[in-house]
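Computed from a predicted model, the values in this text were never measured in an experiment.
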Amino acid sequence: MRVIEIPSSLDDRNIETLHARIGAVETDPVLFDARRLRWIDPNGMLALLGAGKVAGRGGARPRISLPVDTEVAGYLERMGFSRAAAEIFQPPPRRVRRRRTRTSDVLLEITPITTNSDVHEVVDTVQSRAGAILSHTLRYPPAAVVQFSVILSEVCQNIVEHAEGPGWVAAQSYNWTRRLGRHVAVIAVSDLGQGFRASLADEHAKRFGDRWGDVTALEAAFLLGLTRFPDIGRGQGIQQIRKQVGRWNGLLSIRSGTARIADTPAWSRHPPLQEGLRHFPGAQINIILPENSGD
């Protein structure tokens, strides 16, 4: 059995450490050792699920050891990780008893997305929770609830229409006192579908010729607004997301295949473009919306 040790912290800043440890085809059983995990965000959770799926493609279902830290284990339970992981890991991870809390900063537990009806359910769920978090915690205007729902709908719709494969979405608000000095909302979306390069290839690969690849495909979608549809105006979801996230001074990044592209605000250290990464199937979207500072 091959053991993959999960770092003590797993979020958008070091997700590549996990991607780099997953082989294209794992023929031997894999154990994901997360016992030392002390911090994880929605991006880390979905990365663990995706890595487990990839590791199981060789035939043997992977195993996972959950954190020994009871607070971290309880947080994973609150986010629905054990429920989602039961479909991937064998045996299913143990369930941790959840503590009752008066309020929750969870915008959306880990939710599978396979159909359009799943997208509608996600939006309905978030609309009932987002008001207080967006207005009181992030200090966004009342209209932000609708705009936030549109963003969530678009990124989830990307799984159904673009990836042509199942995926997950999760969202949470945090107090980033040390990292940023304000509250943020983190939205993570991940799928193991065909990725941007394959999705756009039929419509656009010829025009780019030998330059066509993961980087070019991401730039075509992210910067040029090209879609897999020949009709002008169809599939402009990413451009709409970029505009709204930019209005809120947020971060938007998309990883697909071996590359990642991002809109990086001044407060972020994310590079605008990365290439030559370890190949990972599908696409992973990360959105971070900071508290309105009033500047």
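The closest side-chain heavy-atom distance from L218 to I254 is below 4.5 Å. Counting heavy atoms from C-beta on, the side chains of L108 and V122 come closer than 4.5 Å. Side chains of D33 and I6 form no contact here, defined as non-hydrogen atoms less than 4.5 Å apart. Under the 4.5 Å side-chain criterion, counting only non-hydrogen atoms from C-beta, P67 is in contact with L76. In this structure, F81 and P42 have side chains that are not in contact, with every pair of non-hydrogen atoms separated by 4.5 Å or more. Inter-residue side-chain proximity for M45 and I110 is flagged as met; some heavy-atom pair is nearer than 4.5 Å. In this structure the side chain of V119 never reaches within 4.5 angstrom of the side chain of I159, judged on heavy atoms. By the 4.5 Å heavy-atom criterion applied to side chains, P7 and N14 are counted as neighbours.
Hydrophobic clustering (ILVMFWY, side-chain heavy atoms < 4.5 Å, transitive): I288 and L180 are in one cluster. Residues W176 and L251 share a single hydrophobic cluster, defined by chaining ILVMFWY side chains whose heavy atoms lie under 4.5 Å apart. Cluster membership check: L273 shares its hydrophobic cluster with I238, using side-chain heavy-atom separations under 4.5 Å among Ile, Leu, Val, Met, Phe, Trp and Tyr. When hydrophobic clusters are built by joining Ile, Leu, Val, Met, Phe, Trp and Tyr residues whose side-chain heavy atoms come closer than 4.5 Å, directly or via intermediates, I22 is not grouped with L31. Using a 4.5 Å cut-off between side-chain heavy atoms of Ile, Leu, Val, Met, Phe, Trp and Tyr, with links allowed through other members, L10 and V3 fall into different hydrophobic clusters.
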List the steps, then state whether side-chain contact (heavy atoms from CB on, under 4.5 Å) holds for R13 with R269. CA-CA 9 Å; R13 295 170 295 183; R269 295 183 178 179; over 6 Å; no
Does the side-chain contact (heavy atoms from CB on, under 4.5 Å) test come out yes or no for D191 and V189, once each step is laid out? CA-CA 7 Å; D191 70 76; V189 183; 5.9 Å; no
Verdict with reasoning, V30 to F32, per side-chain contact (heavy atoms from CB on, under 4.5 Å): CA-CA 6 Å; V30 174; F32 291 89; 3.8 Å; yes
side-chain contact (heavy atoms from CB on, under 4.5 Å) assessment of R83 paired with E77: CA-CA 8 Å; R83 182 178 62 251; E77 185 69 32; over 6 Å; no
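Across every non-hydrogen atom of R182 and P290, the tightest pair is CD-CB, 3.9 Å. Minimum heavy-atom separation, A259 to V215: CB-CG2, 3.6 Å. Listed here is the closest heavy atom pair of G131 and V145: CA-CG2, 3.6 Å. Minimum interatomic distance between V106 and R78 (heavy atoms only, all atoms of both residues): CG2-NH1, 3.3 Å. When all heavy atoms of E154 and G237 are compared, the pair lying nearest together is OE1-CA, 3.4 Å. Heavy-atom minimum distance, P62 versus G52: CG-O, 3.4 Å.
Remark: the backbone N or O of A262 is not paired with any side-chain donor or acceptor of T264 at under 3.5 angstrom. When atom types are taken as modelled, the side chain of Q284 and the backbone of L46 share no donor-acceptor pair closer than 3.5 angstrom. Of the possible donor and acceptor atoms, none in the side chain of D118 sits under 3.5 Å from a partner among the backbone N and O of H120. In this structure, the side chain of E291 does not engage the main chain of L138 through any donor-acceptor pair within 3.5 Å. Without hydrogens or angle criteria, R61 side chain to F89 main chain gives a donor-acceptor distance under 3.5 Å. A donor-acceptor contact shorter than 3.5 Å is absent between the side chain of T137 and the backbone of L134. Distance alone, capped at 3.5 Å, places no donor-acceptor pair between the N286 side chain and the L252 backbone. A donor-acceptor distance shorter than 3.5 angstrom exists from the side chain of D69 to the backbone of V72, with no hydrogens or angles considered. Using a distance-only test at 3.5 Å, with no hydrogens or angles considered, a donor-acceptor pair links the side chain of S256 to the main chain of G282. Side chain of H204 to main chain of T227: a donor-acceptor pair is present (N/O by atom type, distance under 3.5 Å, no hydrogens or angles).
Considering OG of S173 and NE2 of H136, their distance stands at 13.0 Å, rounded to 0.5 Å. In this structure, the separation between OG1 on T216 and CG on L224 is 10.0 Å, given to the nearest 0.5 Å. Expressed to the nearest 0.5 Å, how far CD1 of I241 lies from CG of N158 amounts to 7.5 Å. In this structure, CD1 on I15 lies 8.0 Å from CG on L48, to the nearest 0.5 angstrom. With values rounded to the nearest 0.5 angstrom, L37 atom CG is found 9.5 Å from L66 atom CG. Taken from CD1 in I64 to CD1 in I4, the straight-line distance is 10.5 Å, to the nearest 0.5 Å.
Not counting sequence neighbours, F222 has no partner by the ring-ring contact (aromatic ring centres under 6.0 Å, His included) test. Applying the side chain to side chain donor-acceptor pair (under 3.5 Å) rule to W39 yields the partners D11; only residues at least two apart in sequence or on another chain are considered. Legend: residues meeting salt bridge (Lys or Arg N to Asp or Glu O under 4.0 Å) with E16, ordered by chain and number and at least two apart, are R255, R260. Under the rule for a side chain to side chain donor-acceptor pair (under 3.5 Å), R211 has no partner lying at least two apart in sequence or in another chain. Under the side chain to side chain donor-acceptor pair (under 3.5 Å) criterion, Q244 pairs with R247, sequence neighbours left out.
Judged purely by distance below 3.5 Å, without hydrogens or angles, the side chains of N116 and Q157 pair a donor atom with an acceptor atom. For the residue pair T258 and D214, a side-chain donor N or O sits within less than 3.5 Å of a side-chain acceptor on the partner.
Under a 4.0 Å N-O distance rule, the pair D202/R197 does not qualify as a salt bridge. Between R2 and D28 there is no salt bridge, since no side-chain N of the basic residue sits under 4.0 Å from a carboxylate O of the acidic one.
Taking a 6.0 Å sphere around CD of Q127, one finds it holds more than 12 heavy atoms contributed by other residues, nucleotides or ligands. More than 12 non-hydrogen atoms from other residues, nucleotides or ligands lie less than 6.0 angstrom from CZ of R179.
Within the structure, ring-ring contact (aromatic ring centres under 6.0 Å, His included) contacts touching residues 239-280 (residues at least two apart or in different chains) are H19-F280, Y140-W248.
When T114, T115, I113 are each tested for a side-chain contact (heavy atoms from CB on, under 4.5 Å) with S117, only one passes: T115.
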